[in-house]
Amino acid sequence: MIKINGEDVEREEILLLDYLKEQNYNMKIIVVECNEEIVPRDQYGTFMLHSGDVVEIVSFVGGG
């Protein structure tokens, strides 16, 4: 199981990019942290999430 934004996801492993696409994230306005380390955007296509990982996905919103 992978914990993503505080919720358990029933997966043993998944490519980060595949997960983000499944969930319709806009890649231009997010930052992903896995196990307290920022994942560089250019690694989303090769970065594998594994059971036990703790992931936070933060979206930036403009405003003022």
Side-chain angles (χ1 to χ4, degrees):
M1 201 171 323
I2 303 167
K3 188 170 287 283
I4 301 178
N5 290 345
E7 296 185 21
D8 292 330
V9 175
E10 295 286 336
R11 298 279 178 94
E12 290 302 311
E13 64 179 27
I14 185 171
L15 194 62
L16 175 58
L17 184 61
D18 291 343
Y19 179 79
L20 295 172
K21 286 182 177 180
E22 273 182 17
Q23 301 301 312
N24 297 314
Y25 278 99
N26 181 341
M27 307 299 169
K28 294 179 182 179
I29 62 168
I30 63 169
V31 172
V32 179
E33 178 185 279
C34 182
N35 301 322
E36 300 182 1
E37 300 260 341
I38 299 292
V39 179
R41 186 170 281 126
D42 64 353
Q43 293 181 18
Y44 289 1
T46 58
F47 193 90
M48 189 66 72
L49 300 175
H50 300 280
S51 183
D53 284 344
V54 177
V55 179
E56 293 293 326
I57 303 170
V58 179
S59 297
F60 293 98
V61 179

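The shown structure was predicted, so the numbers you read here are calculated from the model rather than taken from an experiment. Side-chain atoms are counted along with the backbone in the values below, which use heavy atoms only and exclude waters and symmetry mates.
Residue E33 holds its CD atom at 6.5 Å from CD of E56, rounded to the nearest 0.5 Å. Here the CD1-CD1 distance, from I14 to I4, works out to 7.5 Å after rounding to the nearest 0.5 Å. The structure places CG of D18 at 8.5 Å from CZ of R11, a figure rounded to the nearest 0.5 Å. Put simply, CE on M48 and SG on C34 are 12.0 Å apart, with the number rounded to the nearest 0.5 Å. Here L17 contributes atom CG and E22 contributes atom CD; the two are 10.5 Å apart, rounded to the nearest 0.5 Å.
Heavy atoms only, all atoms of each residue included: Y44 and I30 are closest at OH-O, 4.0 Å. Residues N35 and G52 approach most closely at OD1-O, 4.3 Å, considering heavy atoms.
Note on V54 and L49: separate hydrophobic clusters, where clusters join Ile, Leu, Val, Met, Phe, Trp and Tyr whose side-chain heavy atoms are under 4.5 Å apart, directly or indirectly. A single hydrophobic cluster is seen to contain both M27 and V39, as judged by linkage of ILVMFWY side chains at heavy-atom distances under 4.5 Å, directly or through other members. Under a hydrophobic clustering in which Ile, Leu, Val, Met, Phe, Trp and Tyr are joined whenever their side-chain heavy atoms come within less than 4.5 Å, directly or via other members, I38 and F60 fall into the same cluster.
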Hey, mind stepping through L20 and I57 against side chain to side chain contact (heavy atoms under 4.5 Å, CB included) and telling me if it holds? CA-CA 9 Å; L20 295 172; I57 303 170; 3.7 Å; yes
Chi angles and distances behind the side chain to side chain contact (heavy atoms under 4.5 Å, CB included) call for I2, Y19: CA-CA 11 Å; I2 303 167; Y19 179 79; over 6 Å; no
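The backbone N or O of M1 sits less than 3.5 Å from a side-chain atom of S51, completing a donor-acceptor pair.
Under a 4.5 Å side-chain heavy-atom criterion applied to ILVMFWY residues, the cluster that includes V58 comprises that residue alone.
D8 meets the salt bridge (charged side-chain N to carboxylate O under 4.0 Å, His left out) test with K3; sequence neighbours excluded.
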